[in-house]
Amino acid sequence: MSKNKIPIGPFHPLLEEAEYFELTVDGETVVDIDLEIGWMHRGHEFISEQKSFTQSIYLVERICGICSTSHPLACVHAVEDIDNIDIPLRARYIRTLVGELERIHSHLLWLGLAGHFIGYDTLWMWAWKYREPVLRMCEIVSGNRNHYGIMRVGGVAKDVDTGAIPDLMKNLDMIDSKIVMVANAAKDDPVLKARLKGVGVLSYEDAIAYCATGPTSRASGVPSDIRRDDPTDAYDLVDFDVIVASNGDVYDKLVVRLLETIESTKIIRQCIEKLKTVKGPILNNVKEISPGEGIGRYEAPRGEVFHYMRSDGTNRPIRHKVRAPSYVNIPTYSASCKGISVSDALITLAAVDPCYCCTERSLKIKDIKKNKCSFNLLDLSRSKTKRIRRKFNGNK
Amino acid sequence: MGWYNKRLAKSLWVFHVSGSPCNNCDIEILDLLTPKYDVERLGIKLVGSVRQADVLLVTGVFNNKVAPKIKKLYEQAPKPVFVVAVGTCPASGCTFKDSYNTVEKREDVIPIDMYIPGCPPKPEAMIEAVAKLIGVLNG
């Protein structure tokens, strides 16, 4: 049979961001998938290297509007790793609190969009309705609904007011009951079960082979979680479970995310309880960063986010590298999408909760058809001259 | 075109164009449709095709790859079409002014009629902007 190609994007009603997929289909079965990215590339790493360490935090916040705690948090961990800077205990709880609030709103956002993609708009409206109190809590804690601007090297910028705690608790109680209700309704829904079970399966072996992270890997039975494996901030001081499922299909990814949301509300409750008793400073004053390099990791809602910073003793990083979770999760499409029907393709693509804004850090354009050699002769020739010149100058 | 604009203002159909944003304004736009803000009560509907759109909601600094596509989208939209720029990015370039991959002026790519500042703007601000647009269309 002849194989046809279905182009999706770059501006497609179902895609939140501009991206381009090309599905190769045989009849109704997806045979292959290709992805073209680069529509979101804004050159964050380059800009960050021209800014000071504090300005970099605001910049990496704008990598992605949904992970606007994860990136700054990994970034400040990287800077703190250079000098082994201590963080006050109260600041650690506030960081964890904001991080978990972000996880809840990101997971609920995904749940809503997933419902929207499979034509279940009631789920969309529900999930987003109960996401509003979470954003309200974010507003109470940080002053903004989305970009929080609360992280600093050595602590946090804004303290949680004691007077705000009853309001936080009230909102949290509301979220808690509603999330359990939505989770039970979504888990037990016979239509959702029939629609999502056995769709887009990512096996345990594939999850390891593709180095999947976050809920994508946990749904396939790989129990990896940076919060437990490499605890930072207050994660070693609070109790929580790592949710692991075994089937690796879209339904398990949904269940993992829903149960994680409930775990997050538990963490937030513990953090707020601690904030009542733990008093003290929230920011260690960091005067300068010594030369060196550091790494920072954090479990973003989508998986592990990794930042690398190198300092030469001045007030700005000379190298800043970002690796977002979607960078490793997106290639799992080639394992999970093959052999499914076209109607299941979209929900499978959405199931890893891809974030292209996070992913597109470097841009390399190569035309494989025209230029089969992977190197450029001109560059090779010039770099040889450069090497020889360096040798001569060194000898002088 | 006064008579036409007045009829248009009764129910604005919007199309969302993301020109390399950070997703935040886009999420807030979707937030407008959900129960808390629910702009459908004002007759505003998010449509799937640019050919049905009366208003383009544009977010983000346009990078060099996406800018020609946005120009093409604008050309495909039936005129009159109003372009509302959501967020600080299309207005001033936000923190991405120094980047090597963004266009210098968004106005060179498509004409922009209205700006909503904020990073991201609150949904209330977006509703106010749309209400103002409806007021202008009614004359």
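Residue numbers start from 1 in every chain, and the chains themselves are labelled A, B, ... in the order their sequence lines are given, proteins ahead of strands.
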Sort Glu132(A) into side chain, backbone, both or neither according to what part of it lies under 4.5 angstrom from a heavy atom of chain B.
-> side chain
Return the option, out of Val61(B), Leu73(B), Thr95(B), Asn63(B), with the maximum number of heavy-atom pairs under 4.5 Å with chain A.
-> Asn63(B)
Measuring heavy-atom distances to chain B, does Ile63(A) have an atom under 4.5 Å in its side chain, in its backbone, in both, or in neither?
-> backbone
With Ser264(A), which residues qualify under side-chain hydrogen bond (donor to acceptor under 3.5 Å, both in side chains), at least two apart?
-> Glu100(A)
Where on Glu19(A) is there a heavy atom nearer than 4.5 Å to chain B: the side chain, the backbone, both, or neither?
-> neither
Which portion of Arg145(A) sits near chain B, non-hydrogen atoms under 4.5 angstrom = side chain
For Asn144(A), is it the side chain, the backbone, both or neither that has a heavy atom under 4.5 Å from a heavy atom of chain B?
-> side chain
Assess whether side chain to side chain contact (heavy atoms under 4.5 Å, CB included) is satisfied between Phe46(A) and Asp98(B), documenting all intermediate values.
-> CA-CA 9 Å; Phe46(A) 172 78; Asp98(B) 312 327; 5.6 Å; no
Ile37(A) side, atom CD1; Lys65(B) side, atom NZ - distance, nearest 0.5 Å = 8.0 Å
Could you state the interatomic distance from SG (Cys94(B)) to CZ (Arg42(A)), rounded to the nearest 0.5 Å?
-> 9.5 Å
Within 6.0 Å of CD in Glu75(B), more than 12 heavy atoms from elsewhere = yes
Within a radius of less than 6.0 Å around NZ of Lys129(A), do more than 12 heavy atoms belonging to other residues, nucleotides or ligands occur?
-> no
Heavy-atom count around Lys69(B) NZ within 6.0 Å, excluding the residue itself: above 12?
-> no
Please list, in residue-number order, every residue in residues 20-40 of chain B that has a heavy atom less than 4.5 Å from any heavy atom of chain A; write 'none' if there are none.
-> Ser20(B), Pro21(B), Cys22(B), Asn23(B), Asn24(B), Asp26(B), Ile27(B), Glu28(B), Leu30(B), Asp31(B), Leu33(B), Thr34(B), Pro35(B), Lys36(B), Tyr37(B)
Arg62(A)/Cys119(B) under side chain to side chain contact (heavy atoms under 4.5 Å, CB included): CA gap, chis, key distance, verdict = CA-CA 9 Å; Arg62(A) 277 146 186 83; Cys119(B) 188; 3.2 Å; yes
What is the ring orientation for Tyr100(B) with His41(A), classed by angle as parallel under 30°, tilted 30 to 60°, or perpendicular over 60°?
-> tilted
When the aromatic ring centroids of His16(B) and Phe11(A) are compared, is their separation below 6.0 Å?
-> no
Which answer fits Cys355(A), side chain, backbone, both or neither, if we ask what part of it has an atom under 4.5 Å from a heavy atom of chain B?
-> side chain
